[in-house]
Structures are given as C-alpha cells and as structure tokens.
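What follows is a short report on a single structure.
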Amino acid sequence: MKTYVSEQLQQIIEVLQQQQFLPADLTPRFTVERTRDKSHGDFATNLALTLAKPAGTNPRQVAEKIVALLPDKGAIKKVEIAGPGFINFFLDETWLARQVKNALDDSRLGVAQVERPQNIVIDYSSPNLAKEMHVGHLRSTIIGDAVARTLEFLGHKVIRQNHVGDWGTQFGMLLALMEERRQQGREISMELSDLESFYREAKQQFDASPDFATRARQLVVDLQSGDATCLNLWREFLDISLSHCQKLYDRLGVSLGPDAVHGESAYNDDLPQVIADLDKAGLLTEDQGAKCVFLDEFKGQDGNPLPMIVQKKDGGYLYATTDLAALRYRQKQLSAERILYFVDVRQSLHFQQLFAVARKAGFLDPATRTEHMGFGTVMGEDGKPFKTRSGKVAKLADLIDEAESRARALVAEKNPQMDASELDDIGRVVGIASIKYADLAKNRSSDYLFSFDNMISFEGDTGPYMLYAYTRVASIFRKAEVDENSLSGEIVLTEEIERELANRLIQFSEILTRVAERGTPHLLCGYLYDLASSFSSFYKNCPVLGADTETERNSRLQLCLLTARILKQGLSLLGIGTLERM
RNA sequence: GCGCCAGUAGCUCAGUUGGAUAGAGCAUGUGACUUCUAAUCACAGGGCCGAGGGUUCGAAUCCUUCCUGGCGCGCCA
C-alpha cells in the first residue's frame with residue numbers, strides 16, 4: 001500500500017514538472033508513512049512540504065494541486081490536507097477487508113517470497129567449547145536465530161555457521177587433565193558432565209603445578225602436529241562439549257544442529273595460505289617480529305597506524321587469521337552473497353578491520369555484503385555485567401532452569417487445579433518464551449538489563465502476554481466448534497477497533513522485510529505486541545461467538561483466525577512456541 | 001590521548017532514518033468479571049528528550065562544542 005501511494009505520487013511529480021509547476025531536474029525526497037494518530041488517516045505524506053520551496057509557493061497550495069491530480073481508486077476512501085501541508089490518506093474498509101481475506105487464503109499469510117533469493121551466511125552462537133555456555137552467549141544465539149528464521153521465511157537460502165571455539169592453547173590444559181583423570185581410572189564423560197568446574201580445575205592445576213603446565217603445553221604441540229592419541233582425546237572432549245550445547249539449543253528452541261557446526265579448527269590447514277595470500281596481495285608487513293596488515297583508515301594510540309596482527313612472532317596464528325580464513329570460505333565455498341555476524345558489539349573494530357582487509361586481499365566479491373550485527377551486554381540489576389549472586393558468570397543452563405521454575409510456579413498459582421505434567425509443559429514453554437522475548441524485544445545494539453521479575457511478570461509487554469493472547473484466540477475456536485478452513489463470508493469492519501486490528505494484520509509483511517534488512521527482531525516483537533494488544537481490545541469490546549448476526553460472527557471469526565495465524569507464525573520466527581491453553 | 005556507543009516519565013525501553021500534541025510496559029490512582037480465560041480491558045497523573053549553539057517551513061533524530069557513563073585501541077578471543 002505504501003509503495004502504491006508512493007508510485008502514484010511519483011507520477012504526479014512528473015505531471016507537475018511537465019506543467020512547469022516544478023523544476024524538471026528536481027528529484028524530491030518524500031516519505032509515505034503510517035500515521036500514529038488515527039485522526040491523521042492511515043497513511044500520510046509530507047510531499048507538499050518538500051515541494052513548496054522549489055515550486056515557489058506555500059505547502060497547502062501544493063497539496064491541493066497534488067490532491068486534485070490523485071487518480072480515483074478503490075483503496076483510498078478519503079484524502080485530506082492537514083496541518084502545515086500533510087496529505088492524509090484514509091483507507092477504504094472494503095479494500096482493507098479484502099486484504100485480510102487475501103492473507104487468509106494465503107498459506108504465507110500475505111507475505112510474498114523475495115524475488116531474488118540470496119545465499120546468506122549467518123554466524124551466530126559460536127560458543128567456546130572449552131567452557132560451558134553462559135549468559136554471554138544468549139543474545140548471539142537467540143537474535144541470530146530469529147534473523148535466520150525470518151530470512152528463511154522470506155525465501156532466502158540461509159546457511160547457519162556455528163563458529164565454535166574448538167582450538168587454542170586452553171585445550172592443552174583440558175587434555176592434560178583428561179589424561180590425568182583417565183590414568184586415575186575415572187570415567188571421562190562423568191568428569192566432563194560439569195564442564196565449568198572441569199575447566200576451573202584444569203586452570204588451577206595449570207597455574208599451580210609446573211609439571212602439569214609443561215604437560216599441557218606439550219599436548220598443544222602434539223595436537224597441532226596431529227598426534228593421533230592426542231586428537232582422539234580432543235575429539236572426545238568436543239563431543240561431550242558439543243552435546244552440552246546441543247542440549248541447550250534444544251531446550252531453547254534454537255534451530256542450530258550439528259550440521260551448522262564449523263569451528264575454528266576447520267580452518268587450521270588454510271591459515272598458512274591466508275598469510276601467503278596476504279603477502280602476495282602486498283598487504284603484509286613485519287613489525288617487531290609479528291606479521292601484520294596495516295591499513296591507513298585505522299589509527300591506534302598516538303595516531304600511529306593500527307595493525308591487524310595475523311601471525312605472532314612465535315609463528316602462532318590469531319583469531320584474526322581464522323576469521324579471514326572463515327570469511328574466504330564463506331565467500332568461495334558457500335557462495336555467500338551476504339554474511340552476517342551476530343557478535344558482541346565490543347568487537348566492532350575487529351570486524352571493521354577484518355572486512356577491510358578481506359576486501360583489499362580479494363577474499364570477498366565486491367558485491368557481497370558483510371555486516372557485523374553487534375549486540376550489547378546483558379547487565380544485572382546493579383547495572384554491571386550480569387553475574388550470579390556469588391559473583392560468577394551465570395551458566396545458561398541455570399538461567400533456563402530458573403526461568404522455567406519461576407514460570408511454572410506462576411502458572412500453578414493461576415491454575416490450582418492443573419495437573420503436574422501439564423504444569424511442567426506450560427512452565428517450560430512460558431519460561432523459555434519469557435527469556436527469549438525479553439531479549440529479542442530490546443534493540444540489539446544497546447546493553448540491556450536482565451531481570452527475571454520483569455520478564456516473567458505476566459503483565460504488559462512480555463512473552464507470557466503474547467502466549468496468553470494466542471490462547472484466547474485458540475479458546476474461541478475450541479468453543480466455536482467450526483472448521484477453521486471452512487470459514488467464509490464477508491469481512492465487515494464496523495467497529496473502530498476492528499479497523500485497527502485489520503490494519504495491523506496486513507502490516508506483517510513489511511515488518512518482516514525490515515527485520516530481515518536490518519537484523520532487528522525487536523521490530524517484530526513490537527509489531528506482535530501491538531497486534532496482541534489490538535486483539536485484546538477487540539476481544540473485550542467485540543463479542544465473537546455472541547455476535548449480533550451470523551455475518552458479524554463469521555467476519556469476526558475470520559479476524560480471529562488471521563490474528564492467531566500471524567501470532568503463531570510471528571512468534572515462531574522469533575523461535576518462540578505457542579500453547580493452546582495456559 | 002584517539003576512536004566507537006549510549007544519555008528520552010520514578011524504573012525498563014520504543015521512537016518507522018527530518019514531520020503533526022515525544023509513545024509503550026512496569027510502578028501509582030480510578031473504574032470494569034451472571035456473557036468467548038480479568039495472565040485482560042478502559043481512564044488518569046507523570047517529560048528542559050544530558051546541556052549550550054547551529055542548520056530549516058519543522059530537530060529526540062542532522063552538524064558543532066561541552067558534561068556524564070560504558071566500551072575498544074600490537075602478538076587473548
């Protein structure tokens with residue numbers, strides 16, 4: 001609708017230019033936007049305001065000329081000139097109703113597939129396998145997943161890349177401890193069931209015992225040289241650690257599986273080649289023994305050029321090297337047209353350098369878009385990075401446990417008669433929805449405050465509210481005893497709130513496009529909240545089953561049905577499941 | 001020192017890339033359950049959009065100078 005109006009206006013500009021009312025070389029910038037205030041219609045444009053000066057007259061006069069030239073068409077019921085010269089468009093109800101009908105008849109709910117699907121690589125989650133997943137991984141995992149699902153739904157080919165940390169010196173001490181435990185006859189899988197304390201133990205021994213440290217360093221060397229027993233030990237560790245991750249993904253409803261895992265170690269063999277190619281491209285400089293790439297656009301302390309170090313003086317490689325190799329792999333092997341990184345915003349300098357160097361080195365096609373989708377830190381209620389009461393980094397598993405049990409307790413309070421197994425199920429869904437929605441609803445790039453109390457509260461803009469809205473629709477259909485697929489009849493939008501609801505319903509598509517473009521699921525959350533909130537108001541004010549006439553009942557049932565479908569689809573794109581009752 | 005980001009209601013956050021009287025939720029106050037789940041709805045109060053200057057028909061948004069906070073800046077990732 002927006003683009004339709006824009007096109008009309010564009011044509012009018014041309015007419016006005018032919019009439020020499022406007023300079024011929026003018027390309028005005030104007031917007032067509034949904035209004036906030038309903039008294040301003042459904043859409044408004046500022047076109048007349050931007051044209052007033054070039055036309056040498058006042059905005060309202062320009063507006064009148066534009067309105068006079070607007071073609072007659074069904075979609076718009078009324079046009080008004082308002083305020084300083086805005087032109088307000090009022091949508092015709094029957095047109096609105098027809099859009100709702102169309103969306104209902106469409107299995108994609110009125111959301112078209114993109115005309116040109118892209119290969120889009122998304123790097124997200126990417127935990128360090130040496131430790132257990134903690135709060136720090138939550139945002140990357142959840143936001144990245146929501147964007148992946150959205151892009152996929154729009155018809156793109158999404159290639160998920162879980163760039164796990166499965167390499168590096170820290171594995172030396174872990175393997176050393178595994179070895180020691182095995183010699184003591186202990187069962188390794190048991191020992192690794194609590195990865196966090198295993199890591200702590202290894203670190204402690206590494207710091208305390210010179211013998212242990214020496215052995216750890218030796219194991220790193222063995223690992224790098226491909227020693228078979230050492231590699232087996234390493235793989236055993238990865239297996240266990242990855243299955244920890246997978247368990248969390250499954251609990252969280254994150255669409256990452258083993259096929260997405262492509263860790264740092266996958267690029268080991270390519271690293272010398274990366275260095276050689278950088279050299280060949282004339283980008284490599286040796287500085288204080290380290291191999292660096294200097295780019296003019298990056299300045300460090302004292303205004304000196306800032307290096308990206310790709311090889312240490314001891315010959316070792318760094319994450320910059322691995323990232324370059326990964327970028328090239330994604331371009332060449334995965335044929336990426338767009339590459340998204342859901343990584344902490346604090347690494348933005350690193351990504352700027354990475355992208356710039358990769359382009360200079362020819363690792364990327366010029367047309368490929370690379371975007372660092374940075375996100376802020378999860379803060380505790382004290383305003384500092386989120387920690388447990390004991391001051392430790394909070395494990396993701398513990399966080400989920402707590403959310404689920406809090407949710408379960410609240411559900412039990414509302415439903416004293418509900419049996420335990422149903423409470424468990426609902427508690428799980430609501431708990432996960434609470435965590436995910438609270439995170440996704442916030443703007444990606446800023447820090448956000450993590451608060452169980454706020455997110456599990458069943459009031460207001462929360463996960464539970466969204467789920468509740470859905471169950472209310474579901475409940476109507478249980479009672480209505482109609483076949484959802486056989487609903488028919490006209491949709492009539494008589495009440496103001498029905499109009500509002502219909503208007504929301506047909507906005508789904510444009511919201512998804514923006515989420516996909518900018519990597520910002522909070523826009524989808526905001527939209528779904530507005531939809532749920534409009535529905536709640538509709539639910540209160542417009543009896544569905546008890547409607548006055550059969551026509552009205554059918555019409556309202558159809559509004560309910562589309563609301564339910566969009567809520568379910570929208571939440572599913574956020575990776576949030578729905579419940580039929582709660 | 002240089003660079004990046006943030007500062008909006010008591011609290012948590014939006015603000016459609018420059019538009020109309022700055023919006024939600026929580027909290028506070030009031031009203032609404034014999035009718036589809038009150039986990040809801042309706043209404044009210046609450047603001048120097050960090051401060052100053054500039055750009056223009058029009059600024060929370062763009063430029064600029066400050067203030068405050070966070071983060072980053074050579075061999076960790």
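Every chain is numbered from 1, with letters handed out A, B, ... down the list of sequences. Bear in mind the structure is a predicted one, so any value in this text is a computation, not a measurement.
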Say you pick atom C1' in B:A9 and the same atom in B:G25; how far apart are they, in whole Å? 12 Å
Within less than 4.0 Å of OP1 or OP2 of B:A77, is there a side-chain N or O belonging to A:Tyr317? no
Considering only heavy side-chain atoms of A:Gln288, the closest of B:C75, B:U40, B:A39 is B:C75
Does B:A39 have A:Tyr465 stacked on its base, where the ring centres are within less than 5.5 Å and the planes differ by under 30°? no
Are A:His40 and B:A20 stacked, counting the six-membered base ring, centres under 5.5 Å, planes under 30°? yes
As a test of reading the structure: which of B:G72, B:A77, B:G15 is closest to the side chain of A:Leu523, going by heavy atoms? B:G15
Among residues 529-540 of chain A, which contact RNA chain B at a heavy-atom distance under 4.0 Å? A:Tyr529, A:Ser536, A:Ser537, A:Tyr539, A:Lys540
May I ask you to verify if any side-chain N or O of A:Ser446 is less than 4.0 angstrom from the OP1 or OP2 atom of B:A14? yes
Applying ring-ring contact (aromatic ring centres under 6.0 Å, His included) to A:Phe477 and not counting sequence neighbours gives none
Tell me if a side-chain donor or acceptor on A:Thr513 pairs with a main-chain N or O of A:Ser509 at a distance below 3.5 Å. yes
Any ion pair linking A:Arg406 and A:Asp453 (charged N to carboxylate O, less than 4.0 Å)? yes
Among B:U40, B:C73, B:U17, the one nearest A:Arg472 by side-chain distance: B:U40
Any luck finding a side-chain donor-acceptor pair between A:Tyr437 and A:Asp461 under 3.5 Å? yes
Quick one: is A:Lys313 getting a side-chain N or O under 4.0 Å of the B:G74 phosphate, OP1 or OP2? no
Can you check whether A:Tyr468 has a side-chain N or O nearer than 4.0 Å to OP1 or OP2 of B:A39? yes
Whole-angstrom distance between B:G47 and B:G7, as gauged at atom C1': 14 Å
Could you please name the option among B:G19, B:C36, B:C75 that lies closest to any side-chain atom of A:Leu318? B:C75
On RNA chain B, compare the nucleotides closest to A:Val430 and A:Ser39; which residue's is nearer the 5' end? A:Ser39
With heavy atoms under 4.0 Å as the rule, sort A:Pro307 into base, sugar-phosphate or nothing. base
How far does the C1' atom of B:A22 sit from the matching atom of B:G58, given to the nearest Å? 14 Å
Mind telling me whether A:Phe450 and A:Phe452 have parallel, tilted or perpendicular rings, with 30° and 60° as the class edges? perpendicular
Mind checking the C1' distance from B:U61 to B:G18? Whole angstroms is fine. 7 Å
Given B:C36, B:A20, B:A27, the nucleotide with the shortest approach to the side chain of A:Thr35: B:A20
Pairing pattern in dot-bracket form [Watson-Crick, G-U; both distances under 3.5 Å; | = partner strand] for RNA chain B: (((((((..((((.....[...)))).(((((.......))))).....(((((..]....))))))))))))....
P atoms of B:C2 and B:U65, separation to the nearest Å: 11 Å
At 4.0 Å (heavy atoms only), tell me whether A:His350 reaches a base, stays on the sugar-phosphate, or touches nothing. nothing
Classify the nucleic acid contact of A:Leu49 as base, sugar-phosphate or nothing, counting any heavy atom under 4.0 Å across all strands shown. base
Euclidean distance for C1', B:G15 against B:U21 (whole angstrom): 15 Å
Considering only the P atoms, how many Å lie between B:C33 and B:A39, rounded to the nearest integer? 15 Å
Is it true that A:Arg428 and A:Asp424 have a side-chain N and a carboxylate O under 4.0 angstrom from each other? no
Of the options B:G74, B:U40, B:A20, whose atoms approach the side-chain atoms of A:Ile309 most closely? B:G74
First of A:Leu449 and A:Gly83 reached from the 5' end of RNA chain B, by closest nucleotide: A:Leu449
Taking only side-chain nitrogens and oxygens of A:Lys442, does any of them come within less than 4.0 Å of OP1 or OP2 of B:C13? no
Is a side-chain donor-acceptor pair under 3.5 Å present for A:Asp530 with A:Gln507? no
Would you say A:His163 places a side-chain N or O within less than 4.0 Å of OP1 or OP2 belonging to B:A77? no
With a 4.0 Å cutoff (strictly under), does any side-chain N or O of A:Arg556 reach OP1 or OP2 of B:C36? no
